[in-house]
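Here the structure is a predicted model, which is why all the values come from computation and not from measurement. Reminder, nothing fancy here: chain letters follow the sequence lines and each chain counts from 1.
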Number of protein chains: 2
Amino acid sequence: MTNELEFLKAHSLSSLVRRELEKLILSGEFAPGERLNEYVLAARFSVSRGPVREACRALAEKGLLDLVPNRGVFMRKIDEGHAAALYDVRAGLFASAVRLLASRITPEQLSALEDLLRRMDDAADRQSLDEYYPLNLEFHDSLMRFAGNSRLHSLYGELIKELHLFRERALLHDGGLAVSNAEHRRIVDALRARDAAAATEEAFNHVLSGKARMAIHDTHESK
Amino acid sequence: MTNELEFLKAHSLSSLVRRELEKLILSGEFAPGERLNEYVLAARFSVSRGPVREACRALAEKGLLDLVPNRGVFMRKIDEGHAAALYDVRAGLFASAVRLLASRITPEQLSALEDLLRRMDDAADRQSLDEYYPLNLEFHDSLMRFAGNSRLHSLYGELIKELHLFRERALLHDGGLAVSNAEHRRIVDALRARDAAAATEEAFNHVLSGKARMAIHDTHESK
DNA sequence: TTACTGGCAACTGTCAACAAACCATCACGG
DNA sequence: CCGTGATGGTTTGTTGACAGTTGCCAGTAA
């Protein structure tokens with residue numbers, strides 16, 4: 001039995017609302033560009049508008065919501081250009097984590113990654129995106145965690161959440177699974193060899209390949 | 001004459017307080033770990049506690065303040081471990097920007113960078129940290145801007161602000177100026193050659209050299 | 001029909017007050 | 001003398017209400 005009172009004492013109402021609202025957003029409850037009514041949200045969570053406002057401000061700061069003065073909060077609408085930019089940032093963070101990890105990876109971490117590789121191979125053989133997807137997520141998250149830099153890890157997680165807002169196309173088309181996992185394997189191989197430069201390169205290109213697989217075109221920011 | 005009403009209409013009180021509070025924080029007005037009284041801040045800015053709370057939440061989200069439930073907001077205290085981690089993230093973002101820039105840099109951008117290099121050389125010759133420091137800042141900022149990814153740029157800026165909280169030691173000791181600028185030059189050389197891999201490597205190592213110059217030890221996160 | 005104006009409804013921005021939590025002080029008992 | 005528990009003041013968390021702004025819509029004139 002989880003004691004909810006204990007949870008309430010540790011976290012304030014604002015943070016609870018924030019967590020709940022974030023879940024709603026990521027679950028696709030609201031359409032992109034849709035306006036969120038503070039009053040309605042407050043009623044939905046049975047709190048006053050204060051905590052709702054604070055939660056919205058926090059989520060806007062994280063990039064999940066747009067804030068327009070005197071107009072309200074809107075679901076962030078991510079276009080191709082933004083998604084492409086986010087992918088580039090993500091590639092940089094991922095490559096950086098892999099680079100750090102190359103010099104300090106342990107045998108246990110290596111075997112954990114190799115285990116994930118095998119399971120992803122199985123899923124790819126079966127063309128099962130439903131199996132592959134969570135494993136892929138865990139693979140990336142493990143790498144970030146192993147890098148031993150919590151800030152890097154959390155930054156990456158926020159980026160992933162933000163990218164979830166952009167879901168216009170399928171994440172991977174069937175043929176991509178094997179290709180994607182082959183890239184994973186090259187990263188792990190470089191890590192095992194403790195070749196920081198090669199691992200960095202493979203990691204960076206892996207994310208950029210993912211961007212290409214999503215058919216996101218690089219609209220170079222004009223301004 | 002700047003019309004202040006126009007400014008007030010565009011930005012809400014919360015955002016004004018936030019901006020002002022950020023300036024205070026970065027100017028070193030408060031000691032690390034010091035507690036900020038919401039009521040006092042509200043009185044100082046002649047507003048109610050609401051906007052102050054929202055501003056504090058936003059700044060806490062950005063990593064400048066610590067938020068403890070039922071206790072209040074505290075100046076973020078950055079220890080060596082955190083600073084080291086931030087430097088690693090910064091290295092990743094910087095290297096990533098340089099990598100992106102390598103394939104699209106224009107002659108105008110190159111000559112702008114080279115101009116900064118020359119001026120930094122002058123400052124280094126004169127051992128003038130006061131001249132060198134802003135130029136160094138502008139050099140890094142220009143690179144991030146030229147990369148053409150606004151998200152990368154703003155993320156980097158926030159990281160720099162956060163690192164400002166850690167000011168226990170001098171930024172560069174005299175001998176470091178020439179060394180630092182030599183690294184800058186290698187980055188620009190690689191960019192001119194459009195050698196993405198080399199530029200990435202130089203950029204990453206430049207930031208890590210900066211970390212070493214600050215004598216920040218790498219306390220590998222235990223957990 | 002189209003463009004403009006005035007009023008209306010809804011919503012956000014801000015404030016002041018209430019309730020709960022925390023910290024320090026001090027009295028009391030072992 | 002030290003540990004324990006009560007007590008008061010201070011500060012945060014939350015609420016409800018008020019004021020200002022925005023966008024919509026009807027109505028009128030060209």
Would you mind classifying the nucleic acid contact of Leu67(A) as base, sugar-phosphate or nothing, using non-hydrogen atoms under 4.0 angstrom?
-> nothing
Using a 4.0 Å heavy-atom cut-off across all strands, classify Gly72(B) as base, sugar-phosphate, or nothing.
->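 Sugar-phosphate: the residue Gly72(B), judged by heavy atoms under 4.0 Å, touches backbone atoms but no base.
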Compare side-chain N and O positions of [X] against OP1 and OP2 of [N] and report whether any pair is under 4.0 Å apart.
X	N	answer
Arg71(A)	dG23(D)	yes
Ser14(B)	dG13(C)	no
Asn37(A)	dC11(C)	yes
Arg57(A)	dG13(C)	yes

If you check the [X] side chain, which of [options] turns out closest?
X	options	value
Glu38(B)	dT15(D), dG13(D), dT12(C)	dG13(D)
Asn70(B)	dG13(C), dC22(C), dC15(C)	dC22(C)
Ser48(A)	dT14(D), dT15(D), dT14(C)	dT15(D)
Arg53(B)	dT11(D), dG13(C), dT14(D)	dT14(D)

Check whether NZ of the Lys or CZ of the Arg Arg99(A) lies under 6.0 Å from the centre of the six-membered ring of Phe204(B) and within 45 degrees of that ring's axis.
-> yes
Tell me the interatomic distance from [X], atom [atom1], to [N], atom [atom2], rounded to whole angstroms.
X	N	atom1	atom2	result
Leu65(B)	dT12(D)	CG	P	13 Å
Glu54(B)	dT12(D)	CD	P	16 Å
Arg35(B)	dT10(D)	CZ	P	12 Å
Leu13(B)	dG20(D)	CG	P	13 Å
Tyr39(A)	dG13(C)	OH	P	17 Å

Going by an N to O cut-off under 4.0 Å, is there a salt bridge joining [X] and [Y]?
X	Y	result
Glu34(A)	Lys77(A)	no
Lys23(A)	Glu20(A)	yes
Arg151(B)	Glu162(A)	yes

What orientation do His206(B) and Phe94(B) show, parallel under 30°, tilted 30 to 60°, or perpendicular over 60°?
->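 Aromatic pair His206(B)/Phe94(B) classed tilted.
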Look at the side chain of Arg49(A) and the base of dG13(C), then say whether one donor and one acceptor between them are separated by less than 3.5 Å.
-> yes
